[in-house]
Amino acid sequence: MLNPIDTAAVIRDGGAVGRYPGQLHESVAWWLGACLVVTQQARSIVVAHNGHPVITEFASRLCRGAINALHYACNVRHMGHQTEERFLTTLQHLQGAPGAWLSAAGDNGATTVQIQLYNAEGTLLDETNGLAEIRRLIAEDRVPIPVNDQAKGTIDVWPSAPATGSRS
């Protein structure tokens, strides 16, 4: 594995938390996206972030990992910069889609990155509903990879999430 991380220290608290640079790097987001899709058997996920300059690339990498996870052909609904409340409301509205909320705080010298992962019921992942399996997959360098181009998913960028109704 290129750029390994201390999975026991970083994969915790509903996802991944750590200093950037240092404990986390952008590839961790790719790994988390792919592992989220596989462990939750997701055909679609929702992704949003708090807009911090560092977190934009993390969100992009998470989306790319999700669309490249094995044969799932996952559709990523990327909300971009949103409030966490808006993300959680959308996740609840879309029932059945897991999600990832990414946030960062601090400046370029001491930025803390947090990636929170949610299951299809809108519950933060923990040791019993997917987080332990994600940690194991990353620690054992078994991050899911794409099978072929036909199995690749898509990323739909949402300028703003729908307040009511559905969106395909």
Side-chain angles (χ1 to χ4, degrees), residues 1-42 44-70 72 74-88 90-92 97-146 153 155:
M1 172 186 300
L2 296 175
N3 293 327
I5 60 168
D6 181 350
T7 54
V10 172
I11 308 295
R12 59 184 172 86
D13 300 335
V17 181
R19 281 185 329 277
Y20 172 80
Q23 293 176 307
L24 288 178
H25 49 81
E26 294 93 339
S27 294
V28 174
W30 198 101
W31 303 341
L32 289 171
C35 290
L36 177 65
V37 168
V38 171
T39 61
Q40 302 300 303
Q41 300 179 357
S44 67
I45 67 168
V46 179
V47 176
H49 60 81
N50 73 343
H52 188 282
V54 167
I55 211 67
T56 305
E57 182 61 23
F58 277 84
S60 175
R61 295 275 184 104
L62 189 139
C63 291
R64 290 194 309 251
I67 67 169
N68 282 293
L70 294 177
Y72 283 89
C74 183
N75 172 256
V76 176
R77 295 172 172 157
H78 191 314
M79 296 173 64
H81 179 193
Q82 297 289 331
T83 65
E84 184 174 10
E85 180 181 5
R86 180 70 179 234
F87 163 74
L88 292 172
T90 301
L91 194 60
Q92 183 179 33
W101 167 254
L102 296 86
S103 61
D107 60 31
N108 288 337
T111 302
T112 299
V113 170
Q114 183 170 25
I115 303 171
Q116 295 179 299
L117 304 174
Y118 293 84
N119 67 15
E121 289 77 39
T123 303
L124 198 59
L125 292 189
D126 61 27
E127 297 303 308
T128 64
N129 65 3
L131 194 60
E133 180 67 6
I134 289 172
R135 183 184 307 107
R136 184 189 67 75
L137 288 168
I138 293 172
E140 295 176 1
D141 195 18
R142 298 185 55 90
V143 174
I145 59 173
I155 300 172

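Everything quoted here is computed from the prediction, not taken from an experiment.
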Within the structure provided, determine whether [X] and [Y] are in side-chain contact (heavy-atom separation under 4.5 Å).
X: Leu62; Y: Ile45; value: yes
X: Ser27; Y: Arg61; value: yes
X: Asn50; Y: Glu84; value: no
X: Tyr118; Y: Leu36; value: no

In terms of heavy-atom contacts, does CD of Glu127 have more than 12 from other residues, nucleotides or ligands at under 6.0 Å?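 Enclosed: over 12 neighbouring heavy atoms sit under 6.0 Å from CD of Glu127.
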
Using a cut-off of 6.0 Å, state whether more than 12 heavy atoms not belonging to Gln92 lie near its atom CD.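 Result for CD/Gln92: open.
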
Between [atom1] on residue [X] and [atom2] on residue [Y], distance to nearest 0.5 Å:
X: Trp101; Y: Leu124; atom1: CH2; atom2: CG; result: 13.5 Å
X: Leu91; Y: Arg86; atom1: CG; atom2: CZ; result: 13.0 Å
X: Gln40; Y: Cys35; atom1: CD; atom2: SG; result: 11.0 Å
X: Gln23; Y: Asp6; atom1: CD; atom2: CG; result: 8.0 Å
X: Leu117; Y: Leu102; atom1: CG; atom2: CG; result: 8.0 Å
X: Ile11; Y: Ile138; atom1: CD1; atom2: CD1; result: 4.0 Å

Can you give me the closest heavy-atom contact between [X] and [Y], atom names plus distance?
X: Ala139; Y: Thr7; value: CB-OG1, 3.5 Å
X: Ala66; Y: Val76; value: CB-CG2, 3.7 Å
X: Tyr20; Y: Val54; value: CD2-CG1, 3.5 Å
X: Asp13; Y: Leu131; value: N-CD2, 4.3 Å
X: Leu32; Y: Ala16; value: CD1-CB, 3.6 Å
X: Phe58; Y: Ala29; value: O-CB, 3.1 Å

List the steps, then state whether side chain to side chain contact (heavy atoms under 4.5 Å, CB included) holds for Val113 with Val28. CA-CA 11 Å; Val113 170; Val28 174; over 6 Å; no

Heavy-atom donor-acceptor pair, [X] side chain to [Y] backbone, under 3.5 Å:
X: Gln114; Y: Gly15; result: no
X: Asn68; Y: Ala34; result: no
X: Thr123; Y: Asn119; result: no

Counterpart residues, salt bridge (charged side-chain N to carboxylate O under 4.0 Å, His left out), relative to Arg136 (two or more places apart):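 With neighbours one apart ignored, the set is Glu133, Glu140.
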
Trp30-His25 aromatic ring centre distance below 6.0 Å: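 Between Trp30 and His25, the centre distance exceeds or equals 6.0 Å.
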
Relative to each other, are the rings of His49 and His81 parallel, tilted or perpendicular (30° and 60° limits)?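 If you compare the ring of His49 with that of His81, the planes turn out parallel.
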
